[in-house]
Visitor: 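Once you've had a glance at the structure underneath, I'll fire off some questions.
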Amino acid sequence: MNTALASEAKELADACDRAIQRLGGENLVVRAQSGAEVHTEIDRMMGSLDLWELRPREAELDCELAAATCRVAGRYALPYPIAERLSGAPAQGIDALAVVSKHAARVNLCVPGLRWYVSDGAESVAQVTNVSAPLGSKLGALASDVEHGPWRPGNDLAPLALVLPTWVLLGMLERAFALTRRHLLDRHQFGRSLASFQALQFRMADTAAQLQAFTELAHYAVWSVATEQPGQLGDALACRLAAIETADTVFRTSHQMHGAMGFCDETPVSWLSRYSQPIRRLPWGFSETEARLLRSMETVPFAGLFTGTDNVESNLGQ
Amino acid sequence: VFLEGVFVTEDDVLGTVDGGWAIIRAALAFERVGIARYARCDRLLNLAPVALKDRWDELPSALRQRWARALVHTRQARLLAYRVIELQEAAAVDPADSAAYRIVATQVDQEVADVLMEMIEHAAVGASAPTELFVRAVDDHWRYAQASTVASGSIEMQRLLLARSLLGKQ
């Protein structure tokens with residue numbers, strides 16, 4: 001098991017980062033929130049990078065490239081359904097796939113012009129038949145309620161559609177953490193830099209450790225899905241669980257360290273924090289994700305050093 | 001033990017005088033990563049449903065969900081250990097990498113111990129019968145885990161190391 005991303009992933013990520021910056025970087029989400037249809041220019045830019053030629057469901061390398069691209073998009077809270085598109089299955093007529101709750105199908109960044117499908121996060125998918133106008137709410141400005149046709153079997157489509165959004169979130173968290181670190185070094189209070197206060201140093205250390213642990217797990221999940229491990233659904237749910245948990249920590253730390261400034265839209269942290277909400281809340285929050293993970297683990301053992309352990313005496317006896 | 005005023009010949013000086021911190025940093029990065037605390041956590045968590053048999057399904061679902069979460073955290077600690085070892089092999093390891101691993105791994109140790117102690121219920125305060133292997137193993141793990149954030153470099157020292165790498169010397 002080698003979970004490090006291929007070198008091509010870094011090259012593509014760098015190219016993608018430059019292209020997003022040329023389009024305006026974090027200004028794109030500002031424009032999208034005020035109603036501008038930025039998705040067409042983002043679509044064109046991504047097409048010029050050959051992103052729509054990627055087949056993450058068919059090639060292991062493409063899966064890594066997809067993850068790396070989602071991570072870059074997260075840095076800018078890019079108002080485009082990059083994870084959902086790269087989770088699609090073009091061979092089956094699915095341009096974009098989002099996991100939704102069966103009780104209420106709500107899709108983040110549900111841009112027009114694509115053959116959208118939704119997944120129940122398990123074994124079924126359904127075609128989207130109608131998309132409502134974006135909610136325009138504080139925490140889900142660009143999310144839409146959708147109607148869909150009947151559920152049909154969509155075996156193994158869910159894991160990738162669960163993992164790629166966590167990579168968008170990873171990009172958001174890394175950016176928020178980097179901005180917070182910079183703020184601690186730049187900002188002075190009581191005649192000292194914020195970074196010199198041990199209480200804040202310790203909090204940053206704990207946050208960094210958790211972020212690193214999530215990063216490793218996100219790599220593991222990509223490997224598991226790309227190589228179609230038997231426990232890939234559980235691995236994807238585990239990744240989502242850690243993503244939500246880590247996002248809570250990183251944004252709590254970022255807001256606390258930024259103080260009042262972090263709640264103002266003059267700081268990128270405010271945008272990242274707000275636009276991370278739909279990814280963290282949809283299709284399900286922490287507890288439902290954890291309940292599904294438990295069910296998954298009780299069905300297919302969670303891979304570890306001692307999976308398949310079935311005899312206490314032979315394991316613990318002398 | 002503190003020794004003061006000891007004469008040291010030039011041959012006995014490691015590196016340059018007043019350059020000790022760099023050597024300590026390099027040494028710390030290679031220290032103690034080898035204790036695979038997560039391995040014992042992994043084994044005991046996997047044994048729990050087997051050892052508890054029918055009782056497993058009667059446990060509060062909140063407790064079983066904590067067990068699931070603990071398995072995820074255990075996997076995270078293991079992956080961080082692999083990362084540190086990979087960096088060590090490439091001679092690119094920083095003490096901050098080992099520190100992050102230790103902050104995560106030592107706390108996973110305690111989290112797993114607490115989950116398992118709740119799972120063995122009343123036996124948590126009565127693990128003495130030699131035949132009850134699982135209960136005794138959990139009890140042993142819990143007592144050992146109490147010191148995990150203290151022993152071989154307290155968690156506060158690890159936080160200092162990691163913070164210094166993140167924010168520089170303040």
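Naming convention: chains lettered A, B, ... in sequence-line order (proteins, then strands); numbering from 1 in each chain.
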Visitor: For atom CD of A:Gln277, decide whether the heavy atoms of other residues, nucleotides or ligands shown that lie under 6.0 angstrom number more than 12.
Guide: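 Atom CD in A:Gln277 is crowded, with more than 12 foreign heavy atoms closer than 6.0 Å.
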
Visitor: Inspect the surroundings of CZ in A:Arg252 and state if more than 12 heavy atoms from other residues, nucleotides or ligands are less than 6.0 Å away.
Guide: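 No, because the 6.0 Å sphere around CZ of A:Arg252 holds 12 heavy atoms or fewer from other groups.
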
Visitor: At what distance, to the nearest 0.5 angstrom, does CZ of A:Phe214 lie from CG of B:Leu80?
Guide: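 So the CZ of A:Phe214 and the CG of B:Leu80 are separated by 12.5 Å.
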
Visitor: Less than 4.5 Å to any heavy atom of chain A: does that hold for the side chain of B:Leu160, its backbone, both, or neither?
Guide: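 Looking at B:Leu160, backbone and side chain both touch chain A.
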
Visitor: Got a sec: does the CD of A:Gln256 have more than 12 other heavy atoms crowding it under 6.0 Å?
Guide: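 Not buried by this count: 12 neighbours or fewer within 6.0 Å.
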
Visitor: Nearest 0.5 Å, please: how far is CD in A:Glu298 from CZ in B:Arg64?
Guide: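 Between atom CZ of B:Arg64 and atom CD of A:Glu298 there are 5.0 Å.
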
Visitor: Taking all non-hydrogen atoms of both residues into account, name the closest pair between A:Leu185 and B:Leu167 and its distance.
Guide: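 That closest heavy-atom pairing would be CD2-O, 3.4 Å.
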
Visitor: What closest approach, in Å, do A:Ala213 and B:Val104 show between heavy atoms, and which atom pair accounts for it?
Guide: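 Nearest pair, atom of A:Ala213 first, then B:Val104: CB-CG2, 4.3 Å.
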
Visitor: Using a strict cut-off of less than 4.0 Å between a Lys/Arg side-chain nitrogen and an Asp/Glu carboxylate oxygen, indicate whether B:Arg66 and A:Glu290 qualify as a salt bridge.
Guide: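 The answer is no: the pair does not qualify as a salt bridge.
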
Visitor: Taking B:Asp42 for the side chain and A:Gly304 for the main chain, is one N or O donor matched with an acceptor at less than 3.5 Å?
Guide: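 No, because the side chain of B:Asp42 does not come within donor-acceptor range (under 3.5 Å) of the backbone of A:Gly304.
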
Visitor: Could you state the interatomic distance from NZ (B:Lys169) to OG (A:Ser196), rounded to the nearest 0.5 Å?
Guide: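 So the NZ of B:Lys169 and the OG of A:Ser196 are separated by 13.5 Å.
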
Visitor: Can you tell which part of A:Leu217 gets under 4.5 Å to a heavy atom of chain B, answering side chain, backbone, both or neither?
Guide: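 Backbone plus side chain of A:Leu217, per the 4.5 Å heavy-atom cut-off to chain B.
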
Visitor: What distance separates B:Gln158 CD from A:Asp206 CG, expressed to the nearest 0.5 Å?
Guide: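 CG of A:Asp206 is found 11.5 Å from CD of B:Gln158.
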
Visitor: Roughly how far, to the nearest 0.5 Å, is the CD atom of B:Gln65 from the CZ atom of A:Arg292?
Guide: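 Reported value, rounded in 0.5 Å steps: 12.0 Å.
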
Visitor: Below 4.5 Å from any heavy atom of chain A, which atoms of B:Leu166 appear? Answer side chain, backbone, both or neither.
Guide: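 For B:Leu166, heavy atoms of backbone and side chain both lie under 4.5 Å from chain A.
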
Visitor: Answer with side chain, backbone, both or neither: which region of A:Met204 has an atom nearer than 4.5 Å to a non-hydrogen atom of chain B?
Guide: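 Both parts, backbone and side chain.
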
Visitor: Give the C-alpha distance, both sets of side-chain angles, the deciding distance and a yes or no for salt bridge (Lys or Arg N to Asp or Glu O under 4.0 Å) between B:Arg78 and A:Glu216.
Guide: CA-CA 10 Å; B:Arg78 177 163 63 92; A:Glu216 291 306 308; over 6 Å; no

Visitor: Under 4.5 Å heavy-atom distance to chain B, tell me which part of A:Ser193 shows up: side chain, backbone, both or neither.
Guide: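 For A:Ser193, the contact with chain B is made by the side chain alone.
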
Visitor: Is it the backbone or the side chain of B:Ala51 that comes under 4.5 Å from a heavy atom of chain A, or both, or neither?
Guide: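 Both parts, heavy atoms under 4.5 Å.
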
Visitor: Picking from B:Ser61, B:Ala39, B:Ser165, B:Ala96, which has the most non-hydrogen pairs under 4.5 angstrom with chain A?
Guide: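 The candidate making the most pairs under 4.5 Å is B:Ala39.
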
Visitor: Under a 4.5 Å heavy-atom cut-off, does chain B meet the side chain of A:Leu184, its backbone, both or neither?
Guide: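 Side chain of A:Leu184 only, per the 4.5 Å heavy-atom cut-off to chain B.
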
